[in-house]
Amino acid sequence: MLSKKHQQWLDANIQRIRKLENTDQYHKLLLTLYDTPDKRHSEYKQMAAVIRAIMSVEMTKEALEKAKAVAHRVGEKNRKERNRRMFDWAGLLILGGVLDGSSATVAIPNVSRYGDKANAVILGAVMQMSKMLELASDTELDDFMNAGFPILEARKLEKEARRAARQSAGNPIVPQQGAL
């Protein structure tokens, strides 16, 4: 005889196993043993071993699927956080007056006259800025920070004021982390 646990599993799964289109050797053996009339003790032991193996494989598959789902959720969360940071950096180009936030076009007239090549002009300027920042002294970096910080703080206060106004009007807004 099978243990109660194995018998319950078998009763719950035998019809599903019979309907499988591609059965592996373990399922085939289980069906053969199950269909054997007048089973001996050794055949019940074999059935129990096969059931344990199948249960183990199924639990492993379930665990792998759960792990994949967790990895997908973590990857999705990381992607969203990365995208949020990218949008924040793009926002700096808008705050700095390089891009027009409403049209997503170059906001500097003598650069926009380059038309389709304006992106190359902006990229070249950003590359020069990168070199300049790399070589900048602490004093120069502090000067840059002191020039940009008040603008970022004012922007932050404006957003908080708008959020408070919406909330007091009965329209709660969920704050976004890292938003400029």
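Worth knowing before you read on, the calculation uses all heavy atoms, side chains too, and leaves out hydrogens, waters and symmetry mates. Being a predicted model, the structure only gives us computed values, none of them experimental.
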(message) Between R82 and F87, is the side-chain contact (heavy atoms from CB on, under 4.5 Å) condition met? List the steps.
(response) CA-CA 9 Å; R82 178 191 170 275; F87 284 120; over 6 Å; no
(request) List the steps, then state whether side-chain contact (heavy atoms from CB on, under 4.5 Å) holds for K159 with K156. (result) CA-CA 5 Å; K159 282 187 172 191; K156 181 179 172 184; 5.9 Å; no
(request) Any chance you could lay out the side-chain contact (heavy atoms from CB on, under 4.5 Å) test for R84 and K80, step after step, and finish with the verdict? (result) CA-CA 6 Å; R84 176 80 258 149; K80 286 180 179 181; over 6 Å; no
(message) Run Y26 and V57 through side-chain contact (heavy atoms from CB on, under 4.5 Å) and show every step you take.
(response) CA-CA 10 Å; Y26 301 107; V57 167; 5.9 Å; no
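Within the 4.5 Å cutoff, the side chain of W9 has no heavy atoms near those of the R52 side chain. With contacts defined as side-chain heavy-atom distances shorter than 4.5 Å, the pair E153/E158 does not qualify. Residues M132 and E140 fail the side-chain proximity criterion, which asks for heavy atoms closer than 4.5 Å. Side-chain contact between V98 and I94: absent, with no pair of heavy atoms (C-beta onward) separated by less than 4.5 Å. By the 4.5 Å heavy-atom criterion applied to side chains, L33 and K39 are not counted as neighbours. Here the side chains of E65 and E62 are not in contact, with every heavy-atom distance at 4.5 Å or above.
Taken to the nearest 0.5 Å, the CD atom of Q15 stands 6.0 Å off from the CZ atom of R18. Atom CH2 of W89 sits about 10.5 Å away from atom CE of M86, to the nearest 0.5 Å. For the atom pair CD1 of I14 and CD1 of I51, the computed distance is 8.0 Å after rounding to the nearest 0.5 Å. Separating the CE atom in M1 from the CE atom in M47 is a distance of 9.5 Å, to the nearest 0.5 Å. A distance of 11.0 Å separates CG in L152 from CG in L157, rounded to the nearest 0.5 Å. A distance of 14.0 Å separates CG of L2 from NZ of K4, quoted to the nearest 0.5 Å.
Not one N or O on the side chain of T23 forms a donor-acceptor pair closer than 3.5 Å with the backbone of L20. Side-chain N or O atoms of E43 include one that pairs as donor or acceptor with a backbone N or O of R40 at under 3.5 Å. The main-chain N or O of N110 is found under 3.5 Å from a side-chain atom of R113 such that the two form a donor-acceptor pair. Remark: the backbone N or O of V126 is not paired with any side-chain donor or acceptor of S130 at under 3.5 angstrom.
Hydrophobic clustering, with ILVMFWY side chains joined whenever heavy atoms are under 4.5 angstrom apart, groups L29 together with M55. The hydrophobic clustering, which links ILVMFWY residues whose side-chain heavy atoms are closer than 4.5 Å, places V106 and M129 together.
Across M145 and P150, no two heavy atoms sit closer than the pair O-CD, 4.4 Å. The two residues A107 and G97 make their nearest non-hydrogen contact at CB-O, 3.4 Å. Closest of all the heavy-atom pairs between A147 and I151 is O-CD1, 3.8 Å.
With a 6.0 Å radius and a threshold of 12 heavy atoms from other residues, nucleotides or ligands, E134 has its CD atom at or below the threshold. D138 CG: 12 or fewer foreign heavy atoms inside a 6.0 Å radius.
For E58, the side-chain hydrogen bond (donor to acceptor under 3.5 Å, both in side chains) test picks out R16, with sequence neighbours left out.
At a threshold of 4.0 Å, the pair E76-R79 counts as salt-bridged, since one of the basic side-chain nitrogens sits closer than that to a carboxylate oxygen. Electrostatic pairing of K77 and E81 counts as a salt bridge here, judged by a charged N lying under 4.0 Å from a carboxylate O. Ion pair D24/K28 not flagged as a salt bridge, since none of the NZ, NE, NH1 or NH2 atoms sits closer than 4.0 Å to an Asp/Glu carboxylate oxygen.
Annotation for V74: hydrophobic cluster partners, listed by chain and number, are V70 (ILVMFWY side-chain heavy atoms under 4.5 Å, direct or chained).
Screening I122, L93, T105 for a side-chain contact (heavy atoms from CB on, under 4.5 Å) involving L99 leaves a single residue, L93.
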